Protein chains: 2
Amino acid sequence: MSQTPQGSCCPAPESVPAGRPPAVGTGGRYTISEVAERTGLSAHTLRWYERIGLMPHIDRSHTGQRRFTDRDLTWLDLVGKLRMTGMSVADMVRYAELVRAGEHTYPERRRLLAATREDVLRRIDELRDTLAVLDFKIAHYTGYEDTPAVSEEAATP
Amino acid sequence: MSQTPQGSCCPAPESVPAGRPPAVGTGGRYTISEVAERTGLSAHTLRWYERIGLMPHIDRSHTGQRRFTDRDLTWLDLVGKLRMTGMSVADMVRYAELVRAGEHTYPERRRLLAATREDVLRRIDELRDTLAVLDFKIAHYTGYEDTPAVSEEAATP
DNA sequence: TAGAAGGTTGGAGTGCACTCCAGGCAAGCC
DNA sequence: GGCTTGCCTGGAGTGCACTCCAACCTTCTA
């Protein structure tokens with residue numbers, strides 16, 4: 001898998017000259033604004049994510065600016081997906097901590113993700129229910145010209 | 001359909017004696033705590049929903065206490081479903097206003113729900129993506145005993 | 001008659017997830 | 001040298017969706 005912060009275990013494999021025009025190669029050393037653009041998150045949010053421990057340690061240029069790697073981007077991708085499941089930021093931080101803690105946390109990570117998986121399945125089901133209701137109502141509203149006055153009665157989808 | 005607030009158009013069809021032990025018949029005249037229990041919303045939230053215009057006019061007993069009808073419950077059911085799609089309370093209030101405004105708002109209601117429907121479809125897709133990622137990671141964590149040290153590399157699901 | 005239970009109100013408070021601000025620093029350009 | 005751009009920091013502020021509070025009222029039960 002690829003969406004995993006490595007904690008402070010290992011420096012970025014490449015050390016591109018950290019000057020002004022930031023490198024945008026495939027190895028990746030992206031500035032905060034580049035990452036903001038790619039992920040749709042604001043720079044504020046990225047800094048905040050780092051501060052609360054939702055990001056692994058992020059490299060810095062010699063002037064102290066953040067340089068995100070492709071690994072960071074992949075992690076942010078996972079974070080985005082987890083976020084979408086309704087997982088709280090606090091729980092994601094917990095997961096990030098487990099990842100940083102090392103491989104002995106595999107069982108707990110598995111439990112955490114399995115629980116999330118159940119949430120996702122439940123959510124999908126609920127959304128499908130909602131879809132049925134929406135379809136029913138939309139159909140009703142679409143053919144409204146020939147419906148009587150007190151129309152929205154009976155027949156719950 | 002049945003999930004529709006009727007605004008102030010028509011009084012509840014039945015007027016059960018509004019005394020202390022609240023009627024729990026099929027016609028329904030439920031107290032706020034009964035509705036709280038049935039819907040999982042708190043009494044606070046139910047009052048708040050009414051205050052912000054997310055509920056139709058709610059009947060009162062002769063002592064001024066709320067008496068919810070089955071119609072109210074059905075509306076709350078829809079509200080719950082819409083809420084789950086990620087629709088904001090403000091948008092739901094907007095929809096409630098359209099419903100109160102009468103049948104001439106059918107086209108706009110349809111548009112609003114159709115947009116929501118699209119959101120739901122998109123969301124279901126995203127959740128399915130997430131599910132794939134979760135399955136991949138869970139599988140990895142499950143067979144962790146025989147994986148090498150730097151294991152979470154490559155192969156994004 | 002007292003007290004408990006369950007309701008009422010307006011308004012204040014809470015928690016989450018950002019979001020912004022002020023003040024500052026480094027690099028590049030005219 | 002001065003200006004702009006882009007980033008840095010700690011801490012304060014924002015918006016949403018509740019959630020709670022204090023003071024009060026009715027009705028029922030002991």
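A, B, ... follow the sequence lines: proteins, then strands. Residue 1 opens every chain. Just so it is clear, the structure is predicted and the values come from calculations on it, not from any experiment. When reading the values below, keep in mind they use all heavy atoms of this one structure, side chains included, and skip hydrogens, waters and symmetry mates.
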Between Arg83(A) and Gly64(B), who's closer to the 5' end of DNA chain C by nearest nucleotide? Gly64(B)
Grab the two heavy atoms, one from Leu46(A) and one from Ile32(A), that are nearest each other, plus how far apart they are. CD1-O, 3.7 Å
Below 4.0 angstrom from OP1 or OP2 of dG7(C), is there any side-chain N or O of Thr63(B)? no
Treating Arg117(B) as the side-chain partner and Ile138(A) as the backbone partner, does any N or O pair qualify as donor plus acceptor under 3.5 Å? no
If you look at every strand shown and take non-hydrogen atoms under 4.0 Å, does Arg51(B) touch a base, only sugar-phosphate, or nothing? base
Atom CG of Leu46(A) to atom C1' of dA17(C): distance rounded to whole Å? 14 Å
Nearest whole angstrom, please: distance from the P of dA26(C) to the CD of Gln65(A). 11 Å
Below 4.0 Å: OP1/OP2 of dC7(D) and any side-chain N or O of Ser61(A): no
dG10(D) C1' sits how many Å from Glu50(A) CD, rounded? 14 Å
Quick one: Arg60(A) CZ to dG6(D) P, roughly how many Å, whole number? 19 Å
Met92(B) and side chain to side chain contact (heavy atoms under 4.5 Å, CB included): which single residue from Ile52(B), Leu78(B), Leu82(B), Leu112(B) fits? Leu82(B)
If you assign His44(B) and Val89(B) each to the DNA chain D nucleotide with the nearest heavy atom, which residue ends up on the more 5' nucleotide? Val89(B)
Just how far, in rounded Å, is P of dG7(C) from CD of Glu34(B)? 8 Å
Of all the nucleotides listed (dT9(C), dC20(D), dA17(D)), which has the minimum atom distance to the side chain of Arg47(B)? dT9(C)
Using the rule side-chain hydrogen bond (donor to acceptor under 3.5 Å, both in side chains), only one of Arg109(B), Glu108(B), Glu103(B) pairs with Thr105(B); which is it? Arg109(B)
So does Ser33(B) get a side-chain nitrogen or oxygen closer than 4.0 Å to the phosphate oxygens (OP1/OP2) of dG7(C)? yes
Trp48(A) CH2 to dT9(D) P, in whole Å, measures 16 Å
